[in-house]
Number of protein chains: 2
Amino acid sequence: MTRKPQRATLADVAREAGVSMMTVSRVIHGTGRISDETRQHVREIIEKLEYRPNRAARTLVTKRTYMIGFVAPDITNPYFTEILQGVEEFFWREGYNVMLANSNENPEREKAILDQLESTMVDGIIVCSSRLSDDELIPLIEKHSAIVVVNRNLPHHLGSVVTTLHPRGYRAVLAAKYLYETGRRRIGYVNLVRSISSVNLDMFMQELQALHIPVNPSWYATCKPTWQAGYETGKVLLAEHPELDAVIAGNDLVALGVMRAAVEQGLRIPQDLALIGGDDILMASQVTPPLTTFRSDKYHIGTMAAELLLRRVEGDLTYYEHHYDDVLIIREST
Amino acid sequence: MTRKPQRATLADVAREAGVSMMTVSRVIHGTGRISDETRQHVREIIEKLEYRPNRAARTLVTKRTYMIGFVAPDITNPYFTEILQGVEEFFWREGYNVMLANSNENPEREKAILDQLESTMVDGIIVCSSRLSDDELIPLIEKHSAIVVVNRNLPHHLGSVVTTLHPRGYRAVLAAKYLYETGRRRIGYVNLVRSISSVNLDMFMQELQALHIPVNPSWYATCKPTWQAGYETGKVLLAEHPELDAVIAGNDLVALGVMRAAVEQGLRIPQDLALIGGDDILMASQVTPPLTTFRSDKYHIGTMAAELLLRRVEGDLTYYEHHYDDVLIIREST
DNA sequence: CTGTTAGCGCCTTCAG
DNA sequence: CTGAAGGCGCTAACAG
């Protein structure tokens with residue numbers, strides 16, 4: 001039982017076919033001029049020997065791995081999963097594979113990942129919603145030539161970006177405005193820990209004040225972008241501030257956690273408490289009441305990021321940016 | 001602007017440190033006896049030159065890629081995502097990376113993936129809920145030495161497996177039994193297209209009959225394991241069979257799709273229609289009414305699969321099987 | 001249209 | 001304790 005069935009090599013095929021290795025290499029890549037009959041013959045031998053090119057050997061000489069790194073903070077969050085689906089699909093068609101690295105919402109882990117993702121193992125990297133500060137992120141990625149970041153800005157020479165069309169804090173302020181217009185006066189906010197979706201609370205308050213929307217620092221909390229964190233944060237926030245008549249959350253998972261906490265405290269939604277999320281995951285539309293949130297085309301964000309990355313991988317180091325729209329989807333939670 | 005900053009090689013480090021390449025290689029791997037001062041000196045040079053070993057070169061000689069392939073039918077399904085999280089976490093700790101391949105519920109795509117996942121690019125493969133028949137799957141994987149399949153059986157010499165503790169069809173029959181005991185008499189079933197969770201309907205009916213539970217072939221449908229498919233299938237099934245007072249679905253996403261269809265048709269759950277799902281994704285507990293379903297520890301399924309795979313990767317080709325339990329979680333949809 | 005030569009960067013083996 | 005030689009499997013750059 002030989003379980004490591006010595007794969008045939010180029011040399012084996014060449015010998016068996018009575019041609020040189022180059023000829024075989026050429027028929028495999030479809031490059032150069034080869035007579036139809038040699039090509040045909042070589043193909044048969046390849047088939048017969050079940051020859052498959054050795055990736056490592058090829059990589060060693062071409063310096064291309066045909067592997068892309070995808071780093072995201074939480075692959076169980078449907079938001080990232082949908083982006084990943086777009087990325088994987090795009091690159092699969094282009095003959096690249098996707099390597100996954102999950103930072104688990106842990107900045108140290110994210111650093112370790114970026115540090116270890118040597119340029120000899122991937123041709124390019126997509127970094128989603130990095131939790132790192134510029135000072136931390138930049139040194140880690142400037143070694144890599146092909147980088148695309150999603151939901152974050154970057155000095156132009158370092159890589160391309162895919163971000164929302166709107167300025168930072170847009171969603172939070174728009175949500176607050178909408179809530180105010182529908183009669184809410186004490187609007188809480190559950191911010192996300194460091195990410196593009198995390199909002200500068202000072203700015204947020206300033207903007208609300210400009211709109212004459214009541215503001216109160218103790219109505220605002222921060223948590224990790226998970227359901228559990230939203231639930232726990234919601235419990236505390238709502239218990240300490242029963243006066244709140246609305247809560248905006250940084251993403252849907254958190255909003256849904258808050259919703260659960262609210263229901264457990266006997267609050268009726270939307271009568272007692274209005275709720276707005278942030279990324280329109282499937283679950284948002286299926287809970288009762290359905291969650292008002294912002295929608296963006298996550299799959300498309302993934303394919304856009306992939307497309308921009310491919311350009312860099314292929315040597316076009318121009319800075320590009322793609323922007324997606326966030327549109328408010330009004331459902332029954334408000 | 002040199003964006004491909006010629007990485008230092010072993011030879012560079014050796015030259016700079018005034019030692020041989022072997023010495024450098026040894027300090028990197030911590031093998032062989034090296035004097036403390038040479039080791040120290042070499043380390044400094046490595047640091048200074050920011051030397052990182054070239055993966056491809058190493059792979060070429062050691063035949064180890066430190067890359068694992070994970071193939072699943074749908075990475076947007078939380079069920080697979082949680083398994084993947086376990087796999088990724090486990091292998092990250094072991095110094096391996098995980099390459100993702102999404103077959104998109106498409107058997108042809110799955111075949112192509114397995115065929116192209118040459119043994120030269122991954123050290124091992126985890127195949128989740130394959131949609132392929134044995135005749136299709138076996139030839140594709142027997143070339144690979146390290147395989148673990150999840151939710152499926154396999155001839156013992158081909159790889160290890162992680163499956164449920166219970167016989168095929170267990171969940172469906174148990175669900176039906178429970179529904180019958182709680183007074184339901186016309187129980188529909190939405191089966192999943194080919195997978196271990198897909199049930200042999202003849203057997204299913206036989207078992208129900210043995211339990212004196214009413215049976216009717218037209219109460220049973222089959223669909224892809226997605227929310228959308230469940231929704232559409234549910235619409236048709238419920239419209240054509242208004243007599244149904246319960247529906248069991250192959251997984252939660254489908255059950256939730258059926259739930260939506262039922263609600264749209266004005267059915268009250270559970271009064272008019274009881275509903276049971278299959279894998280306890282987060283959404284199941286958050287909808288109204290919460291879904292009765294089966295729970296298994298998905299993250300743990302992932303780490304178990306990873307552990308079994310690692311054994312094979314490291315040369316232990318013994319057949320192992322790990323089993324997980326599915327326990328019925330009764331919530332308010334029944 | 002096809003072949004030859006020369007490595008890619010590293011590790012294994014065998015000498016010192 | 002350290003080094004020199006050879007080769008992993010492939011392709012780029014020239015020759016013919």
Side-chain angles (χ1 to χ4, degrees), chain A residues 4-43 45-46 49-67 95 118-123 143 315, chain B residues 4-43 45-46 49-67 95 116 118-123 143:
Chain A
K4 287 260 184 186
Q6 289 301 357
R7 283 217 150 283
T9 72
L10 247 204
D12 296 331
V13 178
R15 193 180 327 108
E16 185 79 11
V19 299
S20 77
M21 284 168 43
M22 264 328 286
T23 304
V24 181
S25 177
R26 283 182 183 119
V27 344
I28 289 168
H29 292 92
T31 59
R33 331 252 92 233
I34 305 273
S35 75
D36 279 353
E37 62 183 328
T38 352
R39 193 198 326 278
Q40 192 49 41
H41 180 220
V42 168
R43 287 214 171 117
I45 304 294
I46 288 178
L49 266 42
E50 295 191 295
Y51 168 74
R52 295 284 181 281
N54 180 312
R55 281 266 190 155
R58 179 181 293 173
T59 295
L60 190 54
V61 18
T62 61
K63 265 88 184 106
R64 299 289 296 275
T65 62
Y66 289 95
M67 183 76 72
E118 313 128 32
S119 52
T120 66
M121 67 184 294
V122 291
D123 290 342
K143 294 175 302 207
Chain B
K4 286 258 186 188
Q6 288 303 357
R7 284 220 149 281
T9 71
L10 248 203
D12 296 331
V13 177
R15 193 180 326 106
E16 185 79 12
V19 297
S20 77
M21 284 168 47
M22 261 331 286
T23 304
V24 181
S25 177
R26 282 179 184 123
V27 343
I28 289 169
H29 291 93
T31 59
R33 329 254 91 234
I34 305 274
S35 75
D36 279 353
E37 64 182 330
T38 357
R39 193 198 327 278
Q40 193 48 39
H41 180 223
V42 169
R43 287 218 170 111
I45 304 294
I46 287 178
L49 265 43
E50 295 191 297
Y51 167 74
R52 295 280 182 284
N54 180 311
R55 281 264 189 157
R58 179 180 290 173
T59 295
L60 191 53
V61 16
T62 62
K63 265 85 185 108
R64 297 290 295 275
T65 61
Y66 290 93
M67 183 75 72
Q116 284 165 43
E118 317 124 35
S119 53
T120 67
M121 67 183 293
V122 290
D123 290 341
K143 294 176 300 210

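For the numbers below, each heavy atom of this structure counts, side chains included, while hydrogens, waters and symmetry mates do not. Reminder, nothing fancy here: chain letters follow the sequence lines and each chain counts from 1.
- Atom CE in B/M121 sits roughly 15 Å away from atom P in D/dC10 (whole-Å rounding).
- The distance from the CZ atom of A/R58 to the CE atom of B/M121 is 11.0 Å, given to the nearest 0.5 Å.
- Rounding to the nearest 0.5 Å gives a distance of 10.5 Å between CD1 of A/I46 and NE2 of A/H41.
- The distance between atom CZ of B/R15 and atom P of C/dG9, rounded to the nearest whole Å, is 11 Å.
- Taking atom CZ on A/R58 and atom C1' on D/dT11, their separation rounds to 9 Å, with Å as the unit.
- Map B/A57 and B/T38 each onto its nearest nucleotide of DNA chain D; the residue landing nearer the 5' end is B/T38.
- Between the P atom of C/dG9 and the CG atom of A/N54 lies a distance of 16 Å, rounded to the nearest Å.
- A 4.5 Å side-chain heavy-atom check between A/V27 and A/T38 finds every atom pair outside the cut-off.
- Residues satisfying the salt bridge (charged side-chain N to carboxylate O under 4.0 Å, His left out) criterion with A/R39, sequence neighbours excluded, are A/D36.
- Note on the helix from C/dC1-D/dG16 to C/dG16-D/dC1: terminal axis deviation equals 30°, with five pairs used at each end and the result rounded to 10°.
- The side chain of A/S20 has C/dT4 as its nearest neighbour among C/dT4, C/dG9, D/dT11.
- The phosphate of C/dC11 has OP1 or OP2 within less than 4.0 Å of a side-chain N or O from B/S25.
- Taking CG from B/D123 and CZ from B/R64, the interatomic distance works out to 5.0 Å, rounded to the nearest 0.5 Å.
- With D/dG9, D/dT11, C/dC11 as the choices, the nucleotide that has an atom nearest any side-chain atom of B/M21 turns out to be C/dC11.
- Taking atom CD1 of residue A/I28 and atom P of nucleotide C/dT2, one finds them 15 Å apart after rounding to whole Å.
- Going from atom CG of A/D36 over to atom P of C/dC1 covers 8 Å, rounded to whole Å.
- Whole-Å rounding puts the B/L60 CG to D/dC10 P distance at 9 Å.
- Distance, B/R55 CZ to D/dC10 P: 20 Å, rounded to whole Å.
- Counting distance only, with no hydrogens placed and no angle test, the side-chain atoms of A/R26 and the base atoms of C/dG3 include a donor-acceptor pair under 3.5 Å.
- A/L10 comes within contact range of at least one nucleobase, with a heavy-atom separation under 4.0 Å.
- Side-chain contact check for B/T120 and A/N54: no donor-acceptor pair (N or O, by modelled atom type) lies under 3.5 Å.
- Rounded to the nearest 0.5 Å, atoms CD1 (B/I28) and CZ (B/R52) are 10.5 Å apart.
- In this structure, of C/dT12, C/dT4, C/dG9, it is C/dT4 that holds the atom nearest to the side chain of A/M22.
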